[in-house]
Each structure stands twice: as C-alpha cells, then as structure tokens.
Amino acid sequence: MTLTGGVIPADADSVYLDLVVFSTAAGWIGRYPTGGIAATTSVFDFLSGTTSSGATAKLGPAGKVTFVNHSSAAIDLALEAEGYTSSAVTVGAGYRAVQARLTGLKLAANATTDVQVGGRNGLPTRGIAGAAISFAVSGATVAGHLHAWGVGASEVGSLLFFGTSSTRASFAVVQPGTDTKIRVRNLSTGTITLYVDLLGWFSDQNLSVGTAQWSSTVALQLPQVGTGAGALEYAYVDNTGRLLAGYQADIDKQRQRDLVAGLDDR
C-alpha cells in the first residue's frame, strides 16, 4: 500500500496512522516496510466489530507499507494519516515526552468537553504543533465512538470506537486549537467515563515571535539598605525592538539633582 504522494511527502521516513478495523472475528494486524522482513508481532489487536488505534509504520521503497491480517475472517481496514517523520534532523517539529492526566470525567450522550493542553505540565501556551494523547473509555452501556479536534477547528473523524464489554483506549496526535485546548465528543446514546492522558507534544519550529515597540517602562525597586531607599532597576523596548535596561543605585541623589534642575513634579 502506497502512503506517500498526498499529505505524506515522498521523502518521509515513517508515518503515524489511525487504523480502523471492521471485522467479524478477533485478530491482529502486522505491518512492515514493503520489501522488508515480514512482521511477526502485532501493531494492533482488534476484536469482533469495530476497533481503532494509532500506530506508526516504517516506509519502504516508493513509500509503501505492507499490512497483514492475522484473523480467521476478512476485514475492512481504514487508514487516516495523522503525521510523519523525516530522516533529516533539521526538518519537522521536535518531540518532548510528558506524562500527565489531563482529565477524567463522565461525559453524557453526544456531549463535548474541552480539555486544556497548553499552559500546564510544563507546556507553553502557544507553539504546540501537536499533542500525543491517549484516550480511554470505560463504563459504556452502548457502543459508540469518540471525536477529538482542536477548539476552533473543524470536527474530524472518529479516533476511538468503544463497546460495552471492556475499557477501550486509543492513541492520537491532536493539534490544540483556541487557548491550546482540544474538544472531545461522545458519539453514543449513553454516558461514558472518559480519560485523557498526555504522553508528549511536538514543538512548532515555524513559530515566530513578534517584536513589540515602545513598550511601557517596567520598574522594580530593590529592598531598602540602611536609611536610604532601595536601588531601582527598569527596562523598556524602544522603537527598533531593542530591550534597554537601567540600574539606579541611589535614587535619593538622583531626586536631589532633579529638584535642582526643577524637574520634580510633586
């Protein structure tokens, strides 16, 4: 199966995929670069019905990957590309591993919840190209699936199909939206318990920081020493974007000079 040529460039080294299997029997999926050694381990275990999970796949020549169905029944396999890696160290967003629970709550039928990703657990409030997240559902009384997308963006396709027999979990990379939040929807007719865990995040290498001009002066007075007033430190940004800082050791002497020059406005 050729995976490059669309959203995955021809020089990609590997891809990250959301795999969805529709099957009448349980089994597992093997995958390997086309032309390479056949896989003997599972990248994805599935049950009878609909099962989904995230997975990475190393690309072979011409951007091809071979998937093998290890079950007693034919399956329908759907793939959705969510990202890729490059062999060039100067290309792409850097990955930073973080482990933290973002939320655990009851989510009503067809309801949504917004989950804060940035600004906590050491993450910035901007420049997050994608968050690696584990989604888990338990306590479902009816089958359904989840959607997850960045707040302010368009709602996307399913990332996790769940049933009533056990806890189901899946992994996905989601780009946070407005206020670095993601939105999760319970697409079922029953209430579920939802767990969202952060596993890491990708930094946006193309983030640009604008230059502020003529900023207000910020001043900090240090603690008093003896009978004199404390020293004064201050800074501002000029019209070219330069940060200018000053230090005034004895503001009492400076005020005396200002009085002599008639500059005191009190």
Practice prompt. Check step by step if side chain to side chain contact (heavy atoms under 4.5 Å, CB included) holds for I133 and D197.
Written response: CA-CA 6 Å; I133 297 177; D197 295 310; 6.0 Å; no
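- For the pair E80 (side chain) and V20 (backbone), a donor-acceptor distance under 3.5 Å is absent.
- For CD of Q99, the number of neighbouring non-hydrogen atoms (other residues, nucleotides, ligands) closer than 6.0 Å is 12 at most.
- In terms of heavy-atom proximity, L19 sits nearest to F67 at CD2-CE2, 4.3 Å.
- Atoms OG1 and CD1, on T41 and I29 in that order, are 12.5 Å from each other to the nearest 0.5 Å.
- Annotation for L220: atom CG counts as buried by contact number, over 12 foreign heavy atoms lying within 6.0 Å.
- Using a 4.0 Å cut-off between a side-chain N of Lys or Arg and a carboxylate O of Asp or Glu, D114 and K181 do not qualify as a salt bridge.
- Shown here for L107 and R185, the closest heavy-atom pair between the two residues is CD2-C, 4.4 Å.
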Item to complete: Start with the C-alpha distance between L194 and K106, add both sets of side-chain angles, then the distance that settles side chain to side chain contact (heavy atoms under 4.5 Å, CB included), and finish with yes or no.
Response: CA-CA 6 Å; L194 171 69; K106 297 285 187 180; over 6 Å; no
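- With hydrophobic clusters built from ILVMFWY side chains whose heavy atoms lie under 4.5 angstrom apart, I8 does not share a cluster with Y32.
- When side chains are defined from C-beta on, V21 does not count as touching T50, because their heavy atoms never get closer than 4.5 Å.
- In this structure, the side chains of Y16 and T85 stay at 4.5 Å or more apart for every pair of heavy atoms.
- The CD atom of E155 lies 9.0 Å from the CZ atom of R183; values are rounded to the nearest 0.5 Å.
- The backbone N or O of F161 lies less than 3.5 Å from a partner atom in the side chain of S52, making a donor-acceptor pair.
- Both L146 and L105 belong to a single network of hydrophobic side chains, linked directly or stepwise wherever heavy atoms of I, L, V, M, F, W or Y lie under 4.5 Å apart.
- With a 4.5 Å cut-off on side-chain heavy atoms, V142 and F162 do not count as touching.
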Practice prompt. Kindly indicate, with the supporting measurements, whether the criterion side chain to side chain contact (heavy atoms under 4.5 Å, CB included) is fulfilled by S138 and Y195.
Written response: CA-CA 8 Å; S138 67; Y195 300 97; 3.7 Å; yes
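- Considering all non-hydrogen atoms of both residues, G163 and R168 come closest at N-CG, 4.1 Å.
- Note: the hydrophobic cluster containing W149 does not contain F171 (ILVMFWY, side chain heavy atoms under 4.5 Å, direct or indirect links).
- Within the 4.5 Å cutoff, the side chain of R96 has heavy atoms near those of the S203 side chain.
- V43 approaches A55 most closely through the heavy-atom pair CG2-CB, 3.5 Å.
- Residue W28 is found outside any hydrophobic cluster, as its side-chain heavy atoms come under 4.5 Å of no other Ile, Leu, Val, Met, Phe, Trp or Tyr.
- No hydrogens or angles considered: nothing links the side chains of S14 and T56 as a donor-acceptor pair under 3.5 Å.
- Nearest heavy atoms, A131 versus L198: CB-CD1, 4.1 Å.
- One N or O on the side chain of S71 and one on the backbone of A73 form a donor-acceptor pair closer than 3.5 Å.
- Taking OG1 from T4 and CG from D11, the interatomic distance works out to 9.5 Å, rounded to the nearest 0.5 Å.
- Put simply, the side chain of L17 reaches to within 4.5 Å of the side chain of L3, judged on heavy atoms.
- A donor-acceptor pair is defined here as one N or O able to donate and one able to accept, closer than 3.5 Å; such a pair exists between the side chain of T180 and the backbone of G118.
- Taken together through direct or relayed side-chain contacts under 4.5 Å among Ile, Leu, Val, Met, Phe, Trp and Tyr, L79 and V156 form parts of separate hydrophobic clusters.
- Here the CG atom belonging to L47 is positioned 12.5 Å from the OG1 atom belonging to T24, to the nearest 0.5 angstrom.
- By the 4.5 Å heavy-atom criterion applied to side chains, V117 and L123 are counted as neighbours.
- G119 approaches T125 most closely through the heavy-atom pair CA-CG2, 3.8 Å.
- By the criterion of side-chain heavy atoms lying less than 4.5 angstrom apart, applied directly or through intervening Ile, Leu, Val, Met, Phe, Trp or Tyr residues, V218 is not grouped with L232; the two fall into different hydrophobic clusters.
- To the nearest 0.5 Å, atoms CZ (F135) and OG (S170) are separated by 8.5 Å.
- Counting only heavy atoms from C-beta outward, the side chains of N110 and N186 never approach each other to under 4.5 Å.
- With a 4.5 Å cut-off on side-chain heavy atoms, R120 and L102 count as touching.
- Atom NZ in K64 sits 11.0 Å away from atom CE in M1 (nearest 0.5 Å).
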Item to complete: Applying side chain to side chain contact (heavy atoms under 4.5 Å, CB included), run through V184 and T103 and close with a yes or a no.
Response: CA-CA 11 Å; V184 185; T103 191; over 6 Å; no
